[in-house]
Amino acid sequence: MNAPRHILGTFDEALSSLRNNVLMMSSLTERSLDRAITGLMQRDDKMCAIAIADDEEIDQLEKQMDKDGIDLLLRFQPVASDLRRVVSAMKLSSNLERMADQGTNIARRARKLNQHPPLPEVDLITPMYTHAMAMFKDAIDAYVREDVELARAVVPRDQGLDDMNSAAGRRLIERMAEDPSQLRGYLNLIFISRCLERVGDHATNMAEDAVYAAAAEDIRHQHSTSAANG
Amino acid sequence: MVSVAEMPESTSLTVVNQPAPMPEPQVERGMIEIENLDFKYGAHQVLHDVSLSIPARAVTAFIGPSGCGKTTLLRCLNRMNDLIDAAQISRGSIRIEGVDINAPGVDVVDLRRRVGMVFQKSNPFPKSIYDNVAYGLRIAGVTKRSLIDEAVEKSLRSAALWEEVRDRLHVSGYGLSGGQQQRLCIARALAVEPEIVLMDEPCSALDPIATAKVEELIRQLKQEYTIVIVTHNMQQAGRCSDYTGFFYLGRLIEFDATAKIFSNPAQRQTEEYITGRFG
């Protein structure tokens, strides 16, 4: 935020606190997803359990952010860029919480997978995870630095993740047909792939919110609008 | 004597001793156009090159820090500044419904009937509620009781005060609460059937409930009147107005739809003022 400080110092403090909570929540979410994927890749049930337990803290932070955001709206009645920052922070926290839920889902699926022999197809997940997390980090960076171009650039990257998810799904369905004894394992991998695809969706939402916060522009659903108009 | 029914109904201002210019075809009732306006108190220039069109039958808010010229501009709209020595428009024009209100021969009394004003502090006359509202009509020469009765009731209803005072029309206006007094002043302004109502911080001395009533009244009045309101209360400007002009150091920095001004103003100074970063 390069804008001059508010005359009312408590307003700056409240905005700063909200922003810090977004950062805190995003780092916890990132850690939770990282632990879930580590639990999957290293077949580490303990790590999976930690990832699942992480969710509680993130849930509480979401509630705290909602409370702080409403409190800020009530006390300071922000307008213009301040209002956009508050609204975006509250929306970001909702997306972060749902993103963290995907981490929990991945950890639960990983624990199930860990009960059976390893599947080489787990390698399909790695590039998806890398892609999703890069989108996530860029969306958060864009929000924090109010970098509209970076935020805009995140949105089309979701298609790449969707394609990877589709390709992984096709491959895993083929494997189910080839090796029905591992059907449950492949199904769990399909679900994990879908979780990562959802992480990408949330990162996209967050990038869209970052554009709104910085430039007051609503870039959501533009592809569907243009398709409908076309 | 002139009755309400006989009061001029033309939409252009009355110009004494010269024919009123023909209204331009596009001119709308209650529309105000300000062009390149400079205004001075003696040698001190307080408005610099202000140009804007105030839309008819909408609420326009002027906001800005103290001393930015918003009240001066408001008072220019019905030539209230004429009453101040050495105050003068040094350049530019204000046209109401296409007529330059500062042109020689414009009837200022008629202008002020057409452009009513409500002040920061309610200022009822030391008269009854009825007589307060009837005052402007009587000045205009209306004497017929039934016409005055009708106008008083209509004005009090328009000012959302009728139900509260209908049983005590002949008690002093001073007996009303602050909010009621302000609505009485609005009724008084409406009684002479203006096209434009100017409001200079009309709620600054009112409690939140009285403020809400005046704001609701403003919302209803804009169906028929052009309303220009000066306010220091940004939330009030956001709630009440359709258009907002931000003034700073005598200049109009930005004028746009209120939703745009309060969500994404184009000018940095506007943004910093409305978000409380300077003022």
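Chain letters run A, B, ... following the sequence lines, proteins first and then strands; every chain starts at 1.
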- Query: Who pairs with B:Tyr248 by ring-ring contact (aromatic ring centres under 6.0 Å, His included), at least two apart in sequence or on another chain?
  - Reply: B:Phe278
- Message: Looking at B:Lys70 and B:Glu201, is any side-chain nitrogen of the basic one under 4.0 Å from a carboxylate oxygen of the acidic one?
- Response: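 No salt bridge links B:Glu201 with B:Lys70.
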- Item | CD on B:Glu195 to CD1 on B:Ile96, rounded to 0.5 Å |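 The CD atom of B:Glu195 is 8.5 Å from CD1 of B:Ile96, to the nearest 0.5 Å.
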- Contacts with chain A made by residues 261-270 of chain B (heavy-atom distance under 4.5 Å), listed by residue number: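 Contacts with chain A: B:Phe262, B:Ser263, B:Asn264, B:Pro265.
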- Task: Over 60° means perpendicular and under 30° means parallel, so classify the ring planes of A:Phe11 and A:Phe76, tilted if in between.
- Result: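 Ring orientation, 0 to 90° scale: parallel.
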- Would you please say whether a donor-acceptor pair under 3.5 Å links the side chains of A:Gln60 and A:Gln64? no
- Step by step, would you call B:Arg75 with B:Asn81 a side chain to side chain donor-acceptor pair (under 3.5 Å)? CA-CA 6 Å; B:Arg75 291 166 61 90; B:Asn81 292 318; 3.1 Å; yes
- Note on the structure: Honestly, the part of A:Arg84 sitting under 4.5 Å from a heavy atom of chain B is side chain
